[in-house]
Amino acid sequence: MENPEVARALDEVADLLELREANPFRVRAYRTAARTVRDLPESLAELSREKRLEDLPGIGADLAGKITTLVNTGELPLLRELREQIPAGLREIMAVPGLGPKRARSLYERQGITSLDQLREAARRHRIRELDGFGEKTEAAILRGAESVQQTGHRVYLAEAKVYAEALLRHLQGAAGLQQVDAAGSYRRRKETIGDLDVLAVCDDPTGVMDALGRFEGVAEVVARGETKMTVRLRTGLQIDLRAIPAESYGAALAYLTGSKPHNITMRRIAQERGLKLNEYGVFRGTRRIAGRTEEEVYASVGLPWIPPELREDRGEIELALSGQLPKLLKLSDIRGDLHMHTTATDGRDTLPDMVRAAKARGYVYVAITDHSKRVTIAHGMDATRLRRHWRAMERLAATVRGITILKGVEVDILEDGRLDLPDDVLADADYVVASIHFGQNQPREQITERMLNAIRHPHVHAIGHPTGRLIGQRPPYPLDLNTVLKAAAEYGCLMELNCQPSRLDLDDIAVRAAKDLGVTIVLGSDAHAVEELGFMEFGVFQARRGWLEAGNIANTRTLAQFRKLLKNPAKAGDSVSRGHSRQRKRIVR
DNA sequence: GCCGTTTTCGGCCCGACTGTTTTCAGTCG
């Protein structure tokens, strides 16, 4: 059993234990372990063989044993036992807003409800309101919630959330009594997808801003409205949570609302150890507020430097901050060139000159044009003759456009048998070759891994495009042995792309960090198919920051001369990256 | 179920909102 399945099994145990009203701290232990496992770049099977599971935070002897059982047998006696006692449908009932383990259990025991359909039926027949602790309003809320769980419940891409967030902030700006408004939550942490939008408003009287939120375009329902908190749901299903706060608590509230939850919990624990109490209103010694106006102040009060939001996942950043070793994260302004884009020569929507001029307008000093090779027929991919003609057009254009260097590139397809889609002599003439898999994505693990390794070892391949091929929420990653692939990339000096398309962002944050630890150099490519998509670079930078990357870990932060040297002598250039940075951190944790 | 420079037991983050409850439990973030 692979890591994600183990994580799912541990989460299911937590849910079922909760339904059985087990010790809440035991439930939490399973949830923590599930998260640890999900975030883990290394294979559990390997850790289990080497008896290193107990080195992981939150995993003791018991959970190490259970994880080993899951990895080896694909089953867990405890889970089987729990499943026999508790109907599977109760877990989906718990997904309905307002229904937790207690109420789900109560609905099951007193009305025999074990599925969403039965729940809706019971609500329609007004059988819910008869139960102790439930009433008419709860029944109506359950009915609405059950329907919305079935319809929406999906997360939106960060790029989409950005559109809503910016529109909302503009809309709220003019509200009466408002001093400041910011988006927080996973949006501010720049997660690849956003479940809901958290907004923080500084004001003495929240009436004005809450009224304004109620009038925001697309609001379908006001879910809740209190003295300081308000929740609305848009017609698209996106939920917006607003929190009003006085100015003296701004920093504490921003930190609290930005999360992540595990990061907040660790922060509060550290505050506690120092005899302080941390909440959204500030940092308190007894009843006296000692910090809260700015985030910097809040972090400083517990002995920490300010931590960039992208790092706040409780994946070791707090321990690193304590030791003064936070990475100096990549910035968009560090990027000197875009190394993945298409033109009308294949499936792009804008011409070669338009793409190059748009890249120059963004301040880039070099750009690689990487149209598809012939195997990608649907994109009108190019054979050797057309590609050479395309390259000549680039040379002619270069003579007329100053201030930006055009690298003659190609996105060559890695064929099903591991060969490349263009002859070696053609690839040898390219300035920059990115190799990608587009077909045969469902090959067995060994086969697709070997195929990728072939490309990495190929002397004319500089980078692997969208290395796992996932489409967020739509298509799972190739069944690659990613650890082996990354190790080979480090060994052969092959760049790994962090594709900046909002639906790809591939490698993900965990894989990016694993790559950094292994000494792999990452390249950011917008994979733009139109001039405006060059702007996707921003989302790649966010993801890189979430993976702890610094400018030195990225190929396209180099000057053109440095970049060319990197391509010529990659292994050597790769030595400059800080190897094992986050591994070092783990020792600090222990 | 985990954990320990307050260590092997007794803790485990903290507060807002809702509804039905007459003083608070359940849920959520």
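Naming convention: chains lettered A, B, ... in sequence-line order (proteins, then strands); numbering from 1 in each chain.
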Side-chain donor-acceptor pair under 3.5 Å between Thr114(A) and Gln118(A), yes or no?
yes
According to side-chain hydrogen bond (donor to acceptor under 3.5 Å, both in side chains), who are the partners of Arg144(A), at least two apart in sequence or on a separate chain?
Glu221(A)
Rounded distance in Å - CD (Glu273(A)) to C1' (dC12(B)):
12 Å
5'-most by nearest nucleotide on DNA chain B - Ile59(A) or Met230(A):
Ile59(A)
For Asp211(A), all residues meeting side-chain hydrogen bond (donor to acceptor under 3.5 Å, both in side chains), sequence neighbours excluded
Arg225(A)
Say you pick atom P in dT20(B) and the same atom in dG15(B); how far apart are they, in whole Å?
26 Å
Shortest side-chain distance from Gln272(A), nucleotide among dG1(B), dA16(B), dC12(B)
dC12(B)
Does anything in residues 127-146 of chain A form a ring-ring contact (aromatic ring centres under 6.0 Å, His included)? List the pairs, not counting sequence neighbours.
none
Taking atom P in both dC14(B) and dC9(B), what distance in whole Å separates the two?
25 Å
Using a 4.0 Å heavy-atom cut-off to protein, can you give one letter per nucleotide of nucleotides 19-29 of chain B, 5' to 3': B if the base is in contact, S if only the sugar-phosphate is, - if neither?
SS-----SSSB
Should dT7(B) be called syn or anti, with syn set as within 90° of 0?
syn
Strictly below 4.0 Å, heavy-atom distances to any atom of DNA chain B: list the hits from residues 201-216 of chain A, or just say none.
none
Non-neighbouring partners of Thr207(A) that pass side-chain hydrogen bond (donor to acceptor under 3.5 Å, both in side chains), sequence neighbours left out
Asp205(A)
Nucleotide dA16(B), atom P - distance to CZ of Arg243(A) in whole Å
6 Å
For residues Asp314(A) and Ile265(A), determine if any side-chain heavy atom of one lies less than 4.5 Å from a side-chain heavy atom of the other.
no
What integer number of Å spans the C1' atoms of dT6(B) and dC12(B)?
15 Å
Say you pick atom P in dT5(B) and the same atom in dG1(B); how far apart are they, in whole Å?
23 Å
Under 4.0 Å, heavy atom to any atom of DNA chain B: which of residues 4-32 of chain A qualify?
Asn23(A), Phe25(A), Arg26(A), Arg28(A), Ala29(A), Tyr30(A)
Any ring-ring contact (aromatic ring centres under 6.0 Å, His included) involving residues 181-232 of chain A? Give me the pairs, sequence neighbours left out, ordered by first then second residue.
His171(A)-Phe216(A)
Listed once per pair and sorted, the side chain to side chain donor-acceptor pair (under 3.5 Å) pairs that draw on residues 502-511 of chain A, sequence neighbours left out
Arg315(A)-Asp509(A), Thr468(A)-Asp506(A), Asp509(A)-Arg546(A)
Without decimals, in angstroms, what is the distance between Ile270(A) CD1 and dC3(B) C1'?
15 Å
Flag the pair Thr294(A) / Val298(A) as yes when at least one side-chain heavy-atom distance between them is below 4.5 Å, and no otherwise.
no
Value in whole Å for how far the P atom of dG15(B) lies from CD of Glu227(A)
17 Å
When Arg31(A), Lys102(A), Arg91(A) are each screened for side-chain hydrogen bond (donor to acceptor under 3.5 Å, both in side chains) with Glu18(A), the one that passes is Arg31(A)
Spacing of CD belonging to Glu92(A) relative to CG belonging to Leu99(A), to within rounding of 0.5 Å:
12.0 Å
What interatomic distance, in whole Å, is found between C1' of dG11(B) and the corresponding atom of dT7(B)?
12 Å
Can you tell if the side chain of Leu238(A) reaches within under 4.5 Å of the side chain of Arg233(A), non-hydrogen atoms only?
no
Can you tell me how far C1' of dC14(B) sits from CG of Asn279(A), to the nearest Å?
7 Å
Locate the shortest heavy-atom distance separating Ile522(A) from Ala515(A); write the atom from each residue and the value.
CD1-CB, 3.9 Å
For residues 270-295 of chain A, which residue pairs qualify under ring-ring contact (aromatic ring centres under 6.0 Å, His included), counting only residues two or more places apart or in two chains?
none
Can you tell me which stems involve DNA chain B, if a stem is defined as three or more consecutive Watson-Crick or G-U wobble pairs, both distances under 3.5 Å?
B:1-4 with B:9-12, B:14-19 with B:24-29
Taking only residues two or more places apart in sequence, or in another chain, which ones meet Arg49(A) in a side-chain hydrogen bond (donor to acceptor under 3.5 Å, both in side chains)?
none
Interatomic distance at C1', dT8(B) relative to dC13(B), whole Å
24 Å
Write down the distance between CD1 (Ile142(A)) and C1' (dT18(B)), rounded to a whole number of angstrom.
13 Å
